[in-house]
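First comes the structure, then the notes that go with it.
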Protein chains: 2
Amino acid sequence: MKVATWNVNSIRARLNNLYAWLKTHQPDVVCIQESKCVDQLFPWKELRLLNYHSVYFGQPKYNGVAILSKHPISSVYKGFTNLGPHEDEQARLISAKVLDTRIISAYVPNGHAVGSDKFAYKLKWLKRLREEYLDTLHSPEERLLLCGDFNVAPEDEDVWDSDVWHNSIITHHSVRNALTHVLDFGLQDTFRHLYPERTQRYSWWDYSRSGFSSNKGVRIDFIFATQPLIDSCQDVVIDTEERAQTKPSDHAPIIATFE
Amino acid sequence: MKVATWNVNSIRARLNNLYAWLKTHQPDVVCIQESKCVDQLFPWKELRLLNYHSVYFGQPKYNGVAILSKHPISSVYKGFTNLGPHEDEQARLISAKVLDTRIISAYVPNGHAVGSDKFAYKLKWLKRLREEYLDTLHSPEERLLLCGDFNVAPEDEDVWDSDVWHNSIITHHSVRNALTHVLDFGLQDTFRHLYPERTQRYSWWDYSRSGFSSNKGVRIDFIFATQPLIDSCQDVVIDTEERAQTKPSDHAPIIATFE
DNA sequence: GAGCCGTCCG
DNA sequence: CGGACGGCTC
């Protein structure tokens, strides 16, 4: 079973890349972030023709999270609550059961600037993810994958220059602590678990200043797994080839293989 | 000698199409309309690498006319006057000598709606083209080509449905008279001169409502020639293949061959 | 429908 | 830099 996560930076702007990528890699499940469209503009039909079921939690302009799956999807939650509509909530979280596994696609707030209102919202959002969501709905014994763009670089080795990124919105101790709190639920970073020695591996590179060509990136996209799945994780790949395509997203997809 | 005219609907949005088209057709001269950029953003270098000299009269956002030539270019006029800068004038007219021929690239105002201020400007513009420009600077005995997007369909056979287009901004008797006045200088439509029987041949099709696929177009782009050149005109082709490419301009190029 | 631009956001 | 979008033109 191949599970992927990819911040596509607008699904409508990424259609060609997405379709080609799905055909090449044939993942069973894909968690998508930053689709940036309302439900009506989501490419439901086209994805179905490529053999994917989709569930989507969208809003106008910003955010938007989806789960694509070759297998039937059930038990879908949108946002922090499954009760009623979500008009007041940013579309950053969607969850579904695929086969025997709970899949969560998360787009953690960027945080704008340390100390800003948006930064406080980011911290609060991560706290809610742990305490209102994981703790309430799930248990660490479940087969559960928390996938997405977390906008946090866990360690200094996860940014290309720790001086440049010192105390930034993705490295500040407060967001690292908030992420640790989430993982303390009983989750591990599949990539780092399998490859503790792999440094200078990133998942996001700025479009400008030739960020990608000189590998000035940060690792902020993850597939986190509970113990039952960590033990069966065979490989995790950051697909830098996709980032090197024409008209790429600024994020690379991550693909984890289980069993 | 191959001379072409093409309303590219933004030269920057049409770079790939333009470069491929130049390589395929290798025209000696190309008159361009609606480049839609200031001089600094015109692709001078790239065109030079493709062996074309360029002269350009641009403005921000709208209009913009160019002449590209494989042969050296001299005696360039921008706008209705060659005196001083043209800050107050829309960039709709450029003229240059290539070999022994005067080439004029013209983008006649669209006219918005019959009776509007813009419609009056269109009529005035065509009158100035004849009386302030052709009559003053040139003679019908010269080897002269007036090329461009005239936003006028001379005859009912030049629109796909004469009822739909009846009394429109491109068929109204006032604009047809204004165009006739220009041609009375001593110019003939090379296409209609060579092929009086060819109907349902158009140069512009609306992007929407599947205009091109059902050939719902209008013929508003022309290569007009003075007598010395009319006699040596061997062929005129409306390049509908280019209009059928991906990401096309809404106008097709016209290519005339002389000698 | 598809260019342009300015403004917002990451 | 490159998304989205609204307002503009054709």
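Below, chain A is the first sequence line, B the second, and so on; all start at residue 1.
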Practice task
For A:Trp21 and A:Asp239, test the side chains for any donor-to-acceptor distance below 3.5 angstrom and give the result as yes or no.
Solution key: yes
Problem - Distance-only polar pair, side chains of A:Tyr62 and A:Gln90, donor-acceptor under 3.5 Å - result: no
Problem - Contacts of B:Lys124 that satisfy side-chain contact (heavy atoms from CB on, under 4.5 Å) - sequence neighbours left out - result: B:Arg128
Handout entry: For atom CG of B:Asp117 and atom P of D:dT9, their distance in whole Å
Key = 13 Å
Exercise for the section: State whether the side chain of B:Lys122 and the backbone N or O of B:Asn110 hold a donor-acceptor pair below 3.5 Å, judged by distance alone. Expected result: yes
Handout entry: Main-chain N/O of B:Pro27 paired with B:His25 side-chain donor or acceptor, under 3.5 Å
Key = no
Exercise for the section: Return the value, rounded to whole Å, for the distance between atom CD of A:Gln59 and atom P of D:dA4. Expected result: 14 Å
Handout entry: Whole-Å distance separating the CD1 atom of A:Ile11 from the P atom of D:dA4
Key = 11 Å
Problem - Flag for A:Trp205-A:Asn215: side-chain donor and acceptor within less than 3.5 Å - result: yes
Handout entry: Value in whole Å for how far the C1' atom of D:dG3 lies from CG of A:Asn7
Key = 11 Å
Exercise for the section: Scan nucleotides 1-10 of chain C nucleotide by nucleotide, 5' to 3', and note B when protein non-hydrogen atoms come under 4.0 Å of the base, S if they reach only the sugar-phosphate, - if neither. Expected result: SSSSS---SS
Exercise for the section: Figure out the CD/C1' separation between A:Gln90 and D:dA4, and round it to whole Å. Expected result: 15 Å
